[in-house]
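Beneath this line is the structure, given in structure tokens, with notes to follow.
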Amino acid sequence: MTPAPNTSPATRRRSPRRSTEPLALERQLAALGAAAPVGLGAGALARVGLVDTWAELPSPLGKVGVAWNGRGLSWVGRVDDPGAFEEHFRTTNGRPLSRVPEVPERLARAVARRLSGDRRARISLDLRGHTPFELAVWT
Amino acid sequence: MDPDVALARRLAADLDGAFPALVVAHADRLYTIALRCLGLTGDAEEVAQDALVRAYRALATYERDRIHELRLRPWLATITINLARNRRRRIADLRPASPLEPLVAGGFDVRAPDSAGPIALAERHESRQALVEALGQVPLAMREAIVLRHVDGLSLAETATALGRPEGTIKAQVHRGLRQLRLALAAESPAEVPAQAQTTEMTA
């Protein structure tokens with residue numbers, strides 16, 4: 001078979017590759033997807049207040065559970081049984097709740113001041129889902 | 001029905017109930033867009049999470065009909081690209097990239113199974129890493145177009161919508177960006193890919 005004019009053996013060897021490489025590059029680009037780090041999605045949901053986080057906090061009233069999300073403090077209650085605390089929160093608020101080791105320092109300080117009777121300590125509250133009567137009592 | 005159309009309808013009906021599904025469906029792609037535009041994993045994570053938070057807050061202000069008609073993929077891409085641009089401006093001259101971050105961004109994973117054999121695995125990581133580094137050298141406007149069009153897989157029209165540029169501009173930017181990528185990769189391994197850098201066909 002006679003080679004086409006003006007083509008070197010090297011070019012002829014590469015010619016099949018030339019027709020497929022552009023698509024190969026696009027396939028390689030399509031394979032550059034990366035899995036989001038664990039916690040990215042949950043963090044976003046917590047920030048918008050669709051997932052809450054809680055931790056125990058010592059107080060003058062004994063050990064209390066403090067729950068919060070990106071909108072503010074969402075629950076404070078006694079913790080005799082962590083499982084019961086979580087179940088009560090989910091039933092009352094209808095949102096998932098996950099436990100972490102500690103309440104963030106700033107929030108912990110503000111809650112401790114309020115529980116000690118200092119009403120000047122300002123805390124953002126997330127009281128969605130509660131009745132007008134409850135809101136009138138608490139705020 | 002297109003899953004995003006169904007998701008938009010669910011969001012219109014019950015934002016709080018459906019938003020977790022949006023996070024599950026789009027977190028990986030928004031992280032990928034941010035990572036491929038910025039090149040840094042920590043910044044990409046923050047940008048992708050900020051994009052999801054902004055999306056929720058925007059949706060909370062939209063009328064139900066507007067959410068119903070929303071094309072989620074390009075809309076979320078726009079939010080992510082804008083946040084990535086802002087982040088890039090802030091970090092541009094402030095700190096150099098960690099020497100290890102490009103490895104992670106390139107897909108290096110010490111836990112990866114080695115069923116393909118250590119040599120094949122190393123070559124795959126090497127070629128992926130070369131592509132990530134070459135992409136990082138492409139000018140930003142072209143890189144954004146390539147990332148949305150070929151990494152994220154948006155259509156030409158969706159890419160144009162997401163970036164707010166005419167389709168013809170996107171097509172040209174993708175074409176020129178791909179050519180730059182081929183030249184960069186050819187320079188990396190000249191014996192293997194000399195011909196592809198010469199291609200002139202439009203592949204946007």
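Sequence lines set the chain letters: A, B, ... in the order given, protein chains first and strands last, and positions in each chain run from 1.
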Quiz item: With a 4.5 Å limit on heavy-atom distance, are the side chains of B:Leu178 and A:Leu25 in contact?
Solution: yes

Output for pair (B:Arg36 CZ, A:Leu29 CG), nearest 0.5 Å, gives 10.0 Å

Turns out that what part of B:Arg57 lies under 4.5 Å from chain A's heavy atoms comes down to side chain

Distance col, row B:Tyr31:OH vs A:Leu40:CG, nearest 0.5 angstrom, shows 8.5 Å

Taking every heavy atom of B:Arg128 against every heavy atom of A:Gly33, the minimum-distance pair comes out as NH2-O, 3.4 Å

Working for side-chain contact (heavy atoms from CB on, under 4.5 Å), residues B:Asp16 and A:Arg128: CA-CA 12 Å; B:Asp16 285 1; A:Arg128 285 171 296 162; 3.8 Å; yes

To the nearest 0.5 Å, atom CD of A:Glu26 lies from atom CG of B:Leu181 at 10.5 Å

Whatever's closer than 4.5 Å to a heavy atom in chain A on B:Ile33 counts as neither

Heavy-atom closest pair (A:Gly41 atom, B:Val23 atom, distance to 0.1 Å) is CA-CG1, 3.4 Å

Open item on the list: Using only atom types and a distance under 3.5 Å, with no angle test, would you say the side chain of B:Asp28 pairs donor to acceptor with the backbone of A:Ala35?
Closed with: no

In short, A:Gly39 meets B:Gln49 closest at the heavy-atom pair O-NE2, 3.9 Å

Tell me whether the count of non-hydrogen atoms from other residues, nucleotides or ligands lying under 6.0 Å of CZ in B:Arg85 goes above 12.
yes

Residues A:Ala36 and B:Ala27: closest non-hydrogen pair is CB-O, 3.9 Å

Step-by-step side-chain contact (heavy atoms from CB on, under 4.5 Å) determination, B:Thr32 to A:Leu32 = CA-CA 8 Å; B:Thr32 296; A:Leu32 287 186; 5.6 Å; no

A:Arg78, CZ atom: more than 12 neighbouring heavy atoms under 6.0 Å = no

Counting heavy-atom pairs under 4.5 angstrom with chain A, the leader among B:Val53, B:Asp152, B:Leu52, B:Val147 is B:Val53

Of all heavy-atom pairs linking A:Ala34 and B:Leu35, the shortest is CB-CD2, 3.9 Å

So, the part of A:Leu50 with a heavy atom under 4.5 Å from chain B: the answer is side chain

| field | Cationic N near anionic O, under 4.0 Å, B:Asp50 to A:Arg47 | value | yes

Honestly, the part of B:Leu30 sitting under 4.5 Å from a heavy atom of chain A is neither

